[in-house]
Amino acid sequence: MAQRNIIPIGPQHPILPEPIHFDLVTEDEKVIDAIPSISYVHRGLERLVEKRDFIDFAHVADRICGLCSFMHSLGYCQAVEEIMSIEVPQRALYLRSIWAELSRIHSHIFWLGAAADAFGFESLFMQAMRLREPVLDIFEETTGGRVILGVCKVGGVRRDIDGDSLKGIVNRLTTLKGALEELSNVFLNDYSVQHRLAGVGFLSREDAYTLGCVGPMARASGLAIDMRALGYAAYKYLEVEPVVESAGDCHARCRVRIREIFHAIDLIRQAVGKIPAGPVDVKVTGTPDGEYYSRVEQPRGEVIHYVKGNGARFLQRFRVRVPTFSNIPAMVKVLKGSQLADVPNIILTLDPCISCTER
Amino acid sequence: MSEPQEIVPVEKSDLVGIVAQLFAEGYRLVQIGCTTLPEAYELTYSFDREYRFRNLRFTVRPDEEVPSISVIYPNAFLYENEIHDLFGITITHITVDYRGTLYRTAISTPFSIGNVKFSEPPPQKEKG
């Protein structure tokens, strides 16, 4: 008879360097149940709306997470702009899309490195981190920040990027694309990588849908859910095509993210080719009165920023539903039935962001 | 941007039936949110199908129980545990009930009535 054990993983563990805990119930080497536990570092940022002016609060939203910094401020600002009927200038919309796609590129490259580390390919991890640097350099040159950008504000953006710099960004991304093709070739075709990821952590299309999966995790299981199709920022002017795979395993989630990096580079090229001249912000007058759910496609999937105001300078309610929170039920589903040795790969290919979750 | 968003007021007693209908129609559960009002809580259940965003909304008093929808949507358990831990609302028959241990907050139920400070709406200007 198989011996049943409970293996605690996290909140500090070599294979899970994020403050989330799992109790893995195992029978020999097989995981038969996974019980998640979160909130080791919950920050209560949602309640800060009671003490921060709605304009200043964009800085708080910016700091929910490092990897998704820009996307959080974008989602928050869009929600406030919607209830205040603010028309954001076209140039600002394009700049928002450019920074958003740069965020996606750097997040996905970071993920490639973390995944390589999880399956024991340390040199690949270092190569990925090296390739992420040019994107952070672009952030620094265009916003002044490498991680927390602080460039999105209610009514537009704080900084413009001149035409020559935009062309320079496209050229640098074209160079990066070449290096990324070499790197991605290892992830896509290397025998050892395929052996560790293909057929592991399978999630069916039906389960992905009923469990509320979002982002690359949903798309790797065949669901074409991508909030950019809503046409926020400048996406309505760009040719956005959700990247979908059907295998539903760890390797499919890897392939989705790799293809999304190249798609993001193409979207930036499109945006630079179409960006109109003009102002990058408008003066904001009045106070928010109403409510709105802003939906944005973060690197990890659909994020929702809900704001509710009553005409005062301080919002009544701010809620963030982050993609990792939405993906936790599917994470539990995938872990059940897996081999213990595959747990690091499964968790990493779901790309949990606990910083976002502990907003 | 203006994504059309539908907020439908419902009765608490009709919730499970309507949610089952939405499940049958192919909607996915996007989130369950809660907002503290001066004397009640406003619960909003958000669904999506092909980018159509629909919300069901009702209010409950602090002492009222709310039925779980986790039998219909298995991912609802996480949102329901969250609402219980942050707002103190009792949700009955959650498929995976953490019994108040999902969130480790410095104060219990930080979003409950009494813990939340409400901003005053600005005075209305009289029309001359």
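Hydrogens, waters and symmetry mates play no part in the numbers below; they use all other heavy atoms, side chains included. Letters go in sequence order (proteins before strands), and every chain restarts at 1.
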B/Tyr98 portion near chain A, given a 4.5 angstrom heavy-atom threshold = side chain
Flag yes if more than 12 heavy atoms outside A/Glu239 fall under 6.0 Å of its CD atom; otherwise flag no.
-> no
Separation of A/Ser326 OG from B/Tyr79 OH (nearest 0.5 Å) | 3.5 Å
For the residue pair B/Pro74 and A/Leu211, establish whether any side-chain heavy-atom pair is separated by less than 4.5 Å.
-> yes
Of all the heavy-atom pairs spanning B/Asp48 and A/Tyr209, show the shortest one and how long it is.
-> O-OH, 3.7 Å
Heavy-atom distance under 4.5 Å to chain A: side chain of B/Glu50, backbone, both or neither?
-> neither
Mind running side chain to side chain contact (heavy atoms under 4.5 Å, CB included) on B/Thr44 and A/Tyr306 for me, showing each step along the way?
-> CA-CA 11 Å; B/Thr44 308; A/Tyr306 169 70; 5.6 Å; no
Contact part of B/Leu37 toward chain A, heavy-atom cut-off under 4.5 Å: side chain, backbone, both or neither?
-> side chain
To the nearest 0.5 Å, what is the distance between CG (A/Leu230) and CZ (B/Phe53)?
-> 9.5 Å
Close side-chain approach of B/Thr36 to A/Gln316, heavy-atom, < 4.5 Å = no
Keeping the roles fixed (side chain from A/Arg47, backbone from B/Pro110), state whether a donor-acceptor pair exists under 3.5 Å.
-> yes
Side chain, backbone, both or neither: which part of A/Ala330 has a non-hydrogen atom closer than 4.5 Å to chain B?
-> neither
For B/Asn55, is it the side chain, the backbone, both, or neither that has a heavy atom closer than 4.5 Å to a heavy atom of chain A?
-> side chain
What heavy-atom pair brings B/Thr35 and A/Arg317 nearest, and what distance separates the two atoms?
-> OG1-CG, 3.7 Å
Counting only heavy atoms closer than 4.5 Å, note whether B/Leu78 contacts chain A via side chain, backbone, both or neither.
-> both
Hey, are the side chains of B/Gln31 and A/Tyr293 touching, using non-hydrogen atoms and a 4.5 Å cut-off?
-> yes
Is it true that atom NZ of A/Lys51 has more than 12 heavy atoms of other residues, nucleotides or ligands lying nearer than 6.0 Å?
-> no
Atom group of A/Glu87 that falls short of 4.5 Å from chain B, counting heavy atoms = neither
Is the NZ atom of A/Lys333 crowded by more than 12 outside heavy atoms at less than 6.0 Å?
-> no
Using a strict cut-off of less than 4.0 Å between a Lys/Arg side-chain nitrogen and an Asp/Glu carboxylate oxygen, indicate whether B/Glu42 and A/Lys308 qualify as a salt bridge.
-> yes
For B/Asn75 and A/Pro329, the nearest pair of non-hydrogen atoms, with its separation, is CB-CG, 3.7 Å
Taking all heavy atoms of A/Arg321 and all of B/Val30, pick out the closest pair and write down the distance.
-> NE-O, 3.0 Å
Most chain B-contacting option - heavy-atom pairs closer than 4.5 Å, from A/Ile35, A/Leu93, A/Asp226 = A/Asp226
Intermediate values then yes/no, side chain to side chain contact (heavy atoms under 4.5 Å, CB included), B/Ile7 and A/Glu291 = CA-CA 11 Å; B/Ile7 297 177; A/Glu291 61 180 322; 3.8 Å; yes
Residue selection (most heavy-atom pairs with chain B, distance under 4.5 Å) from A/Val49, A/Val88, A/Ile225 | A/Ile225
